[in-house]
There are 2 protein chains.
Amino acid sequence: MENYSSELDGLFQALADPTRRAVLGRLGHGSASISDLAEPFDMALPSFMKHVRFLEESGLIRTRKQGRVRTCTLERARFAMLENWLSEQRAIWEARTDRLEQLVLAKQEFLRHEQKRETDR
Amino acid sequence: MENYSSELDGLFQALADPTRRAVLGRLGHGSASISDLAEPFDMALPSFMKHVRFLEESGLIRTRKQGRVRTCTLERARFAMLENWLSEQRAIWEARTDRLEQLVLAKQEFLRHEQKRETDR
DNA sequence: ATTACGCTTAGCTATTGAGCTAAGTATTTT
DNA sequence: AAAATACTTAGCTCAATAGCTAAGCGTAAT
């Protein structure tokens with residue numbers, strides 16, 4: 001029962017490692033097998049596999065085994081969750097700006113009334 | 001001597017915690033003191049402080065102490081690093097699409113030649 | 001039928017992260 | 001001057017992460 005927040009946890013955590021980001025970059029060019037993916041890294045295979053599993057659990061990749069080869073594929077849709085979060089943050093900033101604007105507008109309104117009273121006097 | 005990659009590590013790591021994301025959300029509305037920020041969380045202050053320090057080290061917030069109060073401010077510019085990384089990934093995908101397009105175009109070209117030979121015959 | 005390949009499992013170590021309590025410091029407030 | 005406020009430091013626990021080696025297992029090649 002993963003909720004939105006804990007999915008974000010996993011997502012960001014998955015991205016917080018240079019090996020995993022490199023794998024994502026590689027998969028951006030197209031699917032690949034575990035050993036193809038592992039080849040550039042100076043790391044024991046079981047260690048590398050952990051990264052792959054982490055990526056899969058975060059939803060950023062899918063994997064499928066045929067025969068003795070496991071093929072990994074980028075799950076591009078998952079990146080939308082990141083964009084979403086960023087949008088939410090920006091929305092908050094915008095909201096703030098709006099309120100600032102309202103303050104400024106309210107002040108202008110106030111000043112207009114002041115001026116009006118000047119002329120009324 | 002932080003490089004681009006380890007800065008991304010810190011950035012994503014900072015975002016991989018719900019408390020820290022909540023703090024960023026709160027700061028999106030405007031700066032706040034440590035105790036104001038901590039108030040909604042059922043957590044000892046020193047524990048909360050660790051999150052604040054983590055956020056500061058990741059570059060996502062700045063803090064300044066005046067008297068006995070430390071005020072935290074969102075460093076919006078830092079979010080651009082996220083957007084950048086996302087763009088890079090998308091750029092990779094696009095590059096792939098381009099190559100696919102080239103394949104398709106090459107195939108169309110081939111078929112055109114085939115047809116031409118038909119008519120030539 | 002063997003051997004080689006491509007993972008996979010099990011289990012160990014060291015480091016880091018998230019939380020805690022207790023006690024300390026520096027500023028305000030009273 | 002004393003008390004209250006707002007952090008801050010020190011140091012502990014527990015769980016999770018990143019790495020390793022050694023050995024196992026199913027599939028493919030010879």
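Convention: sequence-line order gives letters A, B, ...; per-chain numbering from 1.
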* For atom CG of B:Leu15 and atom P of C:dA18, their distance in whole Å -> 12 Å
* Specify the separation, in whole Å, of atom CZ of A:Phe41 and atom C1' of C:dC7. => 17 Å
* **hydrophobic_cluster_shared for A:Leu74 and A:Val69, side chain cutoff 4.5 Å** => no
* To do: Between B:Val69 and A:Leu45, just flag the one whose closest nucleotide in DNA chain D comes earlier from the 5' side.
  => B:Val69
* Asked: Taking DNA chain D as the partner, which of residues 47-60 of chain A come within under 4.0 angstrom of it by heavy atom?
  -> A:Ser47, A:Lys50, A:His51, A:Phe54
* What's the verdict on side chain to side chain contact (heavy atoms under 4.5 Å, CB included) for B:Arg78 and B:Glu7, showing C-alpha distance, side-chain angles and the deciding distance? -> CA-CA 10 Å; B:Arg78 197 61 166 177; B:Glu7 283 188 38; 2.9 Å; yes
* Structure fact -> The complete set of ring-ring contact (aromatic ring centres under 6.0 Å, His included) pairs with one or both residues in residues 36-73 of chain B, sequence neighbours excluded, reads B:Phe41-B:Phe48
* **OG1 on B:Thr19 to NZ on B:Lys50, rounded to 0.5 Å** => 13.0 Å
* Asked: OP1 or OP2 of D:dT8 less than 4.0 angstrom from a side-chain nitrogen or oxygen of B:Lys65, does that happen here?
  -> yes
* **Pairs involving residues 18-47 of chain B, ordered by first then second residue, that meet salt bridge (charged side-chain N to carboxylate O under 4.0 Å, His left out) (sequence neighbours left out)** => A:Asp9-B:Arg21
* To do: Rounded to the nearest angstrom, tell me the gap between atom CG in B:Asp9 and atom C1' in C:dT16.
  => 13 Å
* Asked: Say you draw a straight line from NZ of A:Lys65 to CD1 of A:Ile34; how long is it, rounded to the nearest 0.5 Å?
  -> 9.0 Å
* **B:Arg70, nearest nucleotide to its side chain (from D:dA6, D:dT8, C:dC7)** => D:dT8
Report each atom pair, protein N/O against N/O of nucleotides 23-30 of chain D, whose distance is under 3.5 angstrom.
{"residue": "D:dT27", "atom": "O2", "partner": "A:Arg68", "partner atom": "NH1", "Å": "3.2"}

* Looking only at heavy atoms, what is the nearest atom pair of B:Asn3 and B:Ser5, with distance? -> OD1-N, 3.0 Å
* To do: Could you list by number each residue of residues 33-40 of chain A showing a heavy-atom separation from DNA chain C of less than 4.0 Å, or answer none if no residue does?
  => A:Ser33, A:Ile34, A:Ser35
* Starting at OG of B:Ser87, measure out to CD1 of B:Ile92 and round the result to the nearest 0.5 Å. => 11.0 Å
* Assess whether side chain to side chain contact (heavy atoms under 4.5 Å, CB included) is satisfied between A:Leu11 and B:Phe12, documenting all intermediate values. => CA-CA 9 Å; A:Leu11 199 54; B:Phe12 282 121; over 6 Å; no
* Results of salt bridge (charged side-chain N to carboxylate O under 4.0 Å, His left out) for B:Glu75 - residues two or more places apart only -> B:Arg62
* Parallel, tilted or perpendicular: ring planes of B:Trp85 versus A:Phe79, cut at 30 and 60 degrees -> parallel
